[in-house]
Number of protein chains: 2
Amino acid sequence: MRQNPARRAALLDAAIEVLAREGSRGLTFRAVDEAAGVPRGTASNYFANRDELLTQAGARVHERFRPAPATVAMALEGPRDRARLTALMRDLVERISAFPSGQLALLELRLEATRRPRLREILTRQIRDDLEANVDFHLKTGLPGDATTVVLLYLAINWLILDRLTLPEVIPEDRVPELVEALVERLAPAEGAR
Amino acid sequence: MRQNPARRAALLDAAIEVLAREGSRGLTFRAVDEAAGVPRGTASNYFANRDELLTQAGARVHERFRPAPATVAMALEGPRDRARLTALMRDLVERISAFPSGQLALLELRLEATRRPRLREILTRQIRDDLEANVDFHLKTGLPGDATTVVLLYLAINWLILDRLTLPEVIPEDRVPELVEALVERLAPAEGAR
DNA sequence: TTGACACCACTCCAACTGTAGTACTACGTT
DNA sequence: AACGTAGTACTACAGTTGGAGTGGTGTCAA
């Protein structure tokens, strides 16, 4: 079992790309090797089996999704009103839609998690922690709305992104901003009402 | 190419089960044969290739999801207030969560649709029509809320179901009814406000 | 009798996995 | 400075699997 962390990360990133591009059907050790531009057999040296590869890829997606420091900074400036929240949500939709690989890979992994307890465990923790962090952040910064607001936003925004990534013609492109605005407007109480 | 429609439908139903159970990676002609309890090679006689199998399975899911006549009838009785809408939504979540195969297969197909234009076309039409029918039904029966309400409900409810099916521990089981209620409460205007 | 289909068996094929063997590099030792 | 060692990259291969597709035969119904 090889240990080189940079190479391992590169292989995992390649695995994420393969997952997004070819689906879990196309995710083989060889495909990972090729996507990473390393000789055949390399992935075999780093991951004992498919399950290892998938769970580590899940952790890697987590790792790459977490930071987003620019957005955090942006949220801390200016007023904390609904307009700001709307802007944040629009930014979120745009940002994730613009880099679909991670999100698509995550969906593939979710479906795989149905059959792989270890993977399910990892994804559960990762997504639950993320959601909790969002709630905390939201409440702490004084953005409009309560904890339920954040959870409901999470639900709707995620499916909106899924629709855009997989079946973009179900909801016309130009309705997206309007929908996000309506979501915030209805899910977060008006400023006066707090 | 065989034509027997009953057998074809049985093969497609088997394909849906395989998709839900084993994912698109496990969807092979042989697996379909076995799931349908027919001799090996049969699926080959009914579908020229994988693409055919998937697109026809997509259409078949559509076919099986459409009816739901009992729920329609239920929606037509009693008052059309928010409590009724909440009950309808809860029923929807329960009903779909209780028969996960169709929903999981649909998700697998969505991801496949990323790479298969024909499949994307079929799923898009099917889901768009469904959503439009829901909007029409909602408005016609006078349930609370406007067209946007229905779309936003569609988004949030779908991801809620996805979470329950794939990572049930992200959102605790017992929070689901409460979340559905909060959704309806916030997305549909109060009765007096209409 | 003819045509369509179910069933069965068989062959071909493609690809993946995992490992063994070799070469390289870096580092530490003497 | 020379040497030895450990870890890693690379290459090739051997074994295995499993699926696709097809041709032939039996059966049933028109």
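Throughout, a chain's letter reflects where its sequence line sits, starting with A, and its residues are numbered from 1.
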Supply the atom-to-atom distance B:L85 CG to B:R82 CZ, rounded to the nearest 0.5 angstrom. 9.5 Å

Enumerate, atom names and distances included, each donor-acceptor pair closer than 3.5 Å involving a side-chain atom of residues 134-142 of chain B, sequence neighbours excluded.
residue	atom	partner	partner atom	Å
B:H138	NE2	B:P144	O	2.8
B:T141	OG1	B:F137	O	2.8
B:T141	OG1	B:H138	O	3.3

Is there a donor-acceptor contact under 3.5 Å linking the side chains of A:S101 and A:E17? yes

Could you state the atom-to-atom distance from OH of B:Y46 to P of C:dA4 in whole Å? 13 Å

Starting at CD of A:E22 and ending at P of C:dA15, how long is that distance when rounded to a whole Å? 13 Å

Helical bend (five base pairs per end, nearest 10°) for the helix from C:dT1-D:dA30 to C:dT30-D:dA1: 10°

Would A:T42 and A:N45 count as having a side-chain donor-acceptor pair, cut-off 3.5 Å? no

Lys NZ or Arg CZ of B:R8 over B:F47 ring: under 6.0 Å, within 45°: yes

Distances under 3.5 Å only, N/O to N/O: pair up the protein atoms with those of nucleotides 22-27 of chain C.
none

Please encode protein proximity along nucleotides 15-30 of chain D as a string of B, S and -, counting only heavy-atom distances under 4.0 Å. ---SBSBB--------

Closest non-hydrogen atoms of A:L104 and A:A20, given as atom of the first, atom of the second and distance, are CB-CB, 4.0 Å

Going by the rule side-chain contact (heavy atoms from CB on, under 4.5 Å), which residues pair with A:I161 if we only count those two or more places apart in sequence or in a different chain? A:V93, A:I96, A:S97, A:Q103, A:I157, A:L165

OP1, OP2 of C:dA4 versus side-chain N and O of B:N4: anything below 4.0 Å? no

In a table with atom names and distances, give each donor-acceptor pair under 3.5 Å that connects a side chain of residues 105-116 of chain A to protein atoms at least two apart or in another chain.
residue	atom	partner	partner atom	Å
A:E108	OE1	A:S24	N	3.3
A:E108	OE2	B:R115	NH2	2.9
A:R110	NH1	B:D163	OD1	2.8
A:R110	NH1	B:T166	OG1	2.9
A:R110	NH2	B:D163	OD1	2.9
A:E112	OE1	A:R116	NE	2.7
A:E112	OE1	A:R116	NH2	3.4
A:E112	OE2	A:R115	NH1	2.8
A:T114	OG1	A:L111	O	3.1
A:R115	NE	B:R21	O	3.1
A:R115	NH2	A:L111	O	3.4
A:R115	NH2	B:E108	OE2	3.0
A:R116	NH1	A:D51	OD1	2.8

Answer yes or no: is there a side-chain heavy-atom contact under 4.5 Å between B:L160 and A:W159? no

Cationic N near anionic O, under 4.0 Å, B:R84 to B:E77: no

Distance below 4.0 Å between B:R7 side-chain N/O and C:dA6 OP1 or OP2: yes

